[in-house]
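From a predicted model like this one, the values you see are computed outputs, not experimental measurements. The chains referred to below are lettered A, B, ... by the order of the sequence lines, with proteins before strands, and numbering in each begins at 1.
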Amino acid sequence: MGAVTELVWGCLDTPVGQVSVACTDAGVARVAYGPLPGAAPAPAPIPGTQAAVLLEAAVTELGEYFAGHRKAFTIPVDLGRAHGSRRTVLSVLHDSVPFGRTITYGGLAARAGLDAAGPGGAAMPPARVVGQIMASNPVAIIVPCHRVVAGTGLGGYSGGTGTDVKHWLLVFEGALPATLDWDSAALRRAQPAGARPA
DNA sequence: TACTTCACATTTT
DNA sequence: AAAATGTGAAGTA
């Protein structure tokens with residue numbers, strides 16, 4: 001990754017911790033948990049560029065989302081660096097999974113057209129590809145990578161504290177029942193009763 | 001019924 | 001260039 005376009009970084013405080021947002025003049029390029037991923041000094045981005053405007057809009061929408069006032073994001077996402085399936089899967093996910101809805105890795109893969117199973121009963125696991133894409137999802141939250149659950153159980157997550165954030169988000173959206181007693185160990189075998197998508 | 005092993009595409013270091 | 005990854009399904013015990 002050589003010199004990318006001007007990347008303006010911004011921070012946002014959420015119930016699940018601090019979130020960093022990076023924007024270009026094309027849209028949100030990255031959203032990550034925690035303070036700042038690498039060394040992003042973000043030296044007073046020129047106020048007036050599209051990137052700065054988008055960054056402010058992204059932070060605002062994220063704030064509204066975490067406040068429960070916003071169920072959908074309207075800001076554009078910059079997937080300029082996305083290759084092949086990556087871009088397709090992210091796009092499909094963004095367009096196919098609304099607020100409060102969940103989908104399985106396999107389902108998303110099939111919806112993205114990755115189910116090109118060979119004609120001899122080749123049980124291909126495109127779900128793994130989707131999982132990998134989610135694992136390195138450049139734009140978390142806005143592209144609802146946290147709404148993608150495994151066919152069995154909850155699935156995994158690479159958020160701040162792992163599945164903790166994912167679980168919080170799913171409960172927040174009402175996709176999972178707010179179980180009263182939750183344990184890290186219980187999370188593994190937690191079965192979302194009635195939350196299983198078709 | 002529960003658990004272990006196998007399969008493949010893409011991204012990242 | 002090589003290894004690892006947020007799974008799914010099947011087979012076996």
Side-chain angles (χ1 to χ4, degrees), chain A residues 1-5 7 14 16-17 19-20 22 24 28-34 36-40 77-97 99-173 175-176 179 182-193 195-198:
Chain A
M1 302 63 156
V4 288
T5 319
L7 207 62
T14 72
V16 296
V19 173
S20 302
T24 63
V28 181
R30 183 169 172 130
V31 176
Y33 294 95
L36 291 177
V77 176
D78 182 15
L79 297 173
R81 70 183 68 179
H83 283 272
S85 304
R86 201 158 201 257
R87 176 165 183 160
T88 302
V89 172
L90 291 174
S91 180
V92 171
L93 173 60
H94 185 354
D95 182 63
S96 177
V97 184
F99 185 94
R101 194 74 176 279
T102 56
I103 189 172
T104 58
Y105 287 91
L108 177 58
R111 195 149 193 169
L114 278 163
D115 61 339
M124 309 263 197
R128 179 168 289 192
V129 179
V130 174
Q132 176 56 29
I133 292 169
M134 297 294 127
S136 70
N137 179 7
V139 193
I141 302 173
I142 295 176
V143 173
C145 60
H146 58 269
R147 290 181 198 147
V148 183
V149 298
T152 170
L154 215 184
Y157 197 59
S158 300
T161 321
T163 53
D164 188 22
V165 175
K166 180 173 185 173
H167 173 241
W168 188 93
L169 288 168
L170 291 176
V171 172
F172 175 70
E173 296 187 355
L176 278 180
T179 313
W182 270 102
D183 262 338
S184 298
L187 267 172
R188 293 186 59 187
R189 311 200 71 159
Q191 290 193 352
R196 295 179 53 178

Which helical stems does DNA chain B take part in, if a stem means at least 3 consecutive Watson-Crick or G-U pairs with both distances below 3.5 Å?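 Counting only runs of 3 or more consecutive pairs, the stems involving DNA chain B are B:1-7 with C:7-13, B:9-13 with C:1-5.
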Test of understanding: with side-chain hydrogen bond (donor to acceptor under 3.5 Å, both in side chains), list the residues that count as partners of A:Tyr105, not counting sequence neighbours.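 Once residues adjacent in sequence are excluded, A:Tyr105 has no partner under the side-chain hydrogen bond (donor to acceptor under 3.5 Å, both in side chains) criterion.
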Rounding to an integer number of Å, can you tell me how far [X] [atom1] sits from [N] [atom2]?
X        : N      : atom1 : atom2 : answer
A:Leu90  : B:dA9  : CG    : C1'   : 15 Å
A:Asn137 : B:dT10 : CG    : C1'   : 14 Å
A:Tyr33  : C:dG6  : OH    : P     : 14 Å
A:Ile141 : C:dG6  : CD1   : C1'   : 16 Å
A:Arg147 : C:dG6  : CZ    : P     : 20 Å
A:Asp164 : C:dG6  : CG    : P     : 17 Å
A:Met134 : B:dA9  : CE    : C1'   : 14 Å

With sequence neighbours left out, write down each residue that passes side chain to side chain contact (heavy atoms under 4.5 Å, CB included) with A:Ser158, or none if nothing qualifies.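 Expected list: A:Ala135.
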Partners of A:Ser91 by side chain to side chain contact (heavy atoms under 4.5 Å, CB included), sequence neighbours excluded?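 Side chain to side chain contact (heavy atoms under 4.5 Å, CB included) check on A:Ser91 returns nothing, list empty.
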Residue pairs fulfilling salt bridge (Lys or Arg N to Asp or Glu O under 4.0 Å) with at least one residue in residues 126-136 of chain A, sequence neighbours excluded: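 Of all non-adjacent pairs touching residues 126-136 of chain A, none passes salt bridge (Lys or Arg N to Asp or Glu O under 4.0 Å).
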Taking salt bridge (Lys or Arg N to Asp or Glu O under 4.0 Å) as the cut-off, I'd like each qualifying pair that reaches into residues 148-159 of chain A, sequence neighbours left out, listed once.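 Listed by first then second residue: nothing to list.
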Between N or O atoms, less than 3.5 Å apart, protein on one side and nucleotides 2-5 of chain C on the other: list the pairs.
| unit_1 | atom_1 | unit_2 | atom_2 | d |
| --- | --- | --- | --- | --- |
| C:dT5 | O2 | A:Gln132 | OE1 | 2.7 |

Distance-only, no hydrogens or angles: does the A:Arg86 side chain make a donor-acceptor pair with backbone N or O of A:Ser136 under 3.5 Å?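 Yes; at least one donor-acceptor contact below 3.5 Å.
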For A:Val130, report the nucleic acid contact type (base, sugar-phosphate, nothing); a contact means any heavy atom under 4.0 Å.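 Nothing, no heavy atom under 4.0 Å.
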Side-chain donor-acceptor distances from residues 139-146 of chain A under 3.5 Å, at least two apart:
| unit_1 | atom_1 | unit_2 | atom_2 | d |
| --- | --- | --- | --- | --- |
| A:His146 | NE2 | A:Glu173 | OE2 | 3.2 |

Pick the nucleotide of DNA chain B nearest each of A:Val129 and A:Arg86; which residue has the one closer to the 5' end?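 Mapping each residue to its closest nucleotide by heavy atoms, the 5'-most match is A:Val129.
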Might you point out which heavy atoms bring A:Ala29 and A:Leu7 nearest each other, and give the distance in Å?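 Smallest interatomic distance, heavy atoms only, reads CB-CD1, 3.8 Å.
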